[in-house]
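Single-structure report; data block below.
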Amino acid sequence: MSAVQKDTPVSTFIIVGGGIAGLASAIALRAPRRKVIVLEQSSLNREVGATLSLQPNASKIVEKQWGLGAALKQVGAMRDEGFNIYSIDGKLQRSIPLVSKTEYGADRMVYHRRDIHDTLKEYATRSDGHTEPADIRTSSCVVSCDPDAGTVILNDGSTMKADVIVGADGIKSALRKDVLGHEVQALPTGFSAYRLVLSSSDLEQDKDFRDVIDPRSSFTSMVMGHDRRMIMGPARDGDLYSVVALVPDQRAEVDSGNSWNSKGDLDTLLKEYKDFPAWATAPFRLAKDDIGLWQLRDTEPLETWYRGRVILIGDAAHAMLPTQGQGASQAIEDAEALGAFFSDLEGKLPLEDVQRRLKAVFEARFERAATIQRYSREAARPATDKGETKIKMNPAEFMDYNCLYNGAKDWVSTRKESLEKGLEGLVF
Ligand SMILES: Cc1cc2nc3c(=O)[nH]c(=O)nc-3n(C[C@H](O)[C@H](O)[C@H](O)COP(=O)(O)OP(=O)(O)OC[C@H]3O[C@@H](n4cnc5c(N)ncnc54)[C@H](O)[C@@H]3O)c2cc1C
């Protein structure tokens, strides 16, 4: 009989949502005598075509701590070398190498979204001989939960019970209202993002574009117009090229909850970018009608993330703008924190014990995630907007704040003093 068969699980963790936060949590929470179930509403077959970057604070957890580095390399993970900023006439204004200080312990990495999603799923479900693989149940839509009873209710009317429930169900979280006791809507931020991914070989055929940017070179390129911005870069060993084009949000009615799926229109995009020359808009025309449109929304920091046996993580807890590329990275940090604060527990989990640990996760994570949420929002404002700035760090200090992170327990110990002072600590 194998160790896994002898160690029948005696505690159950239900994770609602099989996105980056949910799958990362499934990896972090796998442990002997524990069952991890992921309930995902979709069939999980259609992860969107786009790139996703992880900053050093998260790539070190995924690639080193959890050991996914080699697997991700095999599917074309790329190290980002830095930012090149161009004016719309194609002149390089600034080149900012990404200084991966030795203390950061990792690089900023770019993945195809589908590749990192599939790799996380593989590691959550593969056999390792001493823990039970996570059980991912697709087409399982959760409509609500009872935090004190530790139950979730699915849309077919069935109920499932667990020792701990992790709400990793994204920006439109169904569990959030039950944790907070009231609804919180993600608010439009005044921006939308068109996104597209195309073949680098196709783009290389466009001489005008190729004369300015080498689509296989491992840099993130930005083209800055007045209130328009293109952010683009290579993925999958340079074979693909991803473009995000920001526009002022004129479509307040667009429902962004599962916005990866909403379709963008080429003619409207070209009109939005009519002041940009042909070289810059070449990727739009090459993508033809394979264009997505995402209305950028975020939430204010929530008053809490946990109640009873339930905790919210990822976008459900702290939806943020992508200006700092930290959305998925913060979700990974949440998952690591869950793993760390439940690591020494085997067996049944009394309610008081669960609550103590969920509180510890929240206290370790909240100030940091809220700071990055606010900073990401402030970074989206046009340079001419002189509105109140709540985050007092300059970009270099903020980079250090982001990247000098070595897991939740280490963070708590190094920041104990400011955590004790609560939100009046260092940064607000
Ligand atoms: C254009 C763009 C670019 C971005 N770039 C970056 C980047 O470079 N780096 C970065 O770090 N972040 C980036 N982000 C943000 C990042 O994608 C998110 O912050 C991150 O994916 C959050 O993960 P999540 O698992 O919390 O939520 P999601 O990815 O939304 O996953 C939630 C999952 O829960 C499922 N679900 C929802 N409701 C239910 C329910 N009721 N029952 C069961 N299942 C449910 C959904 O189907 C989904 O699979 C970007 C976002 C956008 C739009």
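Numbering of ligands and ligand atoms starts at 1, following listing order. Only this structure's heavy atoms are used, side chains among them; waters, hydrogens and symmetry mates stay out.
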field: Partner of Glu132 under salt bridge (charged side-chain N to carboxylate O under 4.0 Å, His left out), chosen from Arg34, Arg126, Lys35
entry: Lys35

query: In a check of salt bridge (charged side-chain N to carboxylate O under 4.0 Å, His left out) between Asp107 and each of Arg79, Lys64, Lys60, which one passes?
result: Arg79

Regarding ligand 1, does [X] bring an N or O atom to under 3.5 Å of one of the ligand's N or O atoms?
X      : value
Leu52  : no
Trp294 : no
Gln41  : yes
Leu44  : no

Check [Y] with [X], please: is the shortest side-chain N to carboxylate O separation under 4.0 Å?
X      : Y      : result
Arg108 : Glu81  : no
Asp128 : Arg30  : yes
Glu204 : Arg216 : yes
Glu336 : Arg365 : no
Asp275 : Arg228 : no

query: For atom 50 (C) of ligand 1, which of Pro322, Ala174, Ser329 has the closest heavy atom?
result: Pro322

- prompt: Taking the minimum heavy-atom distance to atom 24 (P) of ligand 1, which of Ala21, Ala50, Gly22 ranks first?
  reply: Ala21

Region of [X] that comes within reach of ligand 1 [heavy atoms, distance under 4.0 Å]:
X      : result
Gln326 : backbone
Ala193 : neither
Ala319 : neither
Ala168 : backbone
Arg195 : neither
Ile171 : neither

field: All ring-ring contact (aromatic ring centres under 6.0 Å, His included) counterparts of Tyr306, not counting sequence neighbours
entry: Phe362

task: Would you please name every residue forming a ring-ring contact (aromatic ring centres under 6.0 Å, His included) with Tyr273, sequence neighbours left out?
output: Phe276, Phe284

Which of the atoms of ligand 1 are close to [X], meaning less than 4.0 Å from one of its heavy atoms?
X      : result
Gly314 : 26 (O)
Leu39  : 43 (C), 44 (N)
Ser53  : 7 (C), 8 (O), 9 (N), 10 (C), 11 (O)
Ala328 : 10 (C), 11 (O), 12 (N), 16 (C), 19 (O)
Gly170 : 27 (O), 30 (O), 32 (C)
Ser140 : 42 (N), 43 (C)

field: Nearest atoms (heavy-atom pairs only) where Gln373 meets Thr299
entry: NE2-O, 2.8 Å

Where Ile88 and Pro277 come nearest, the two heavy atoms and their spacing: O-CG, 2.9 Å

- prompt: Under 6.0 Å from the six-membered ring centre of Phe341 and within 45° of its axis: does the NZ or CZ of Arg356 meet both?
  reply: no

task: Assess Gln330 for proximity to ligand 1: is some non-hydrogen atom of it under 4.0 Å away?
output: no

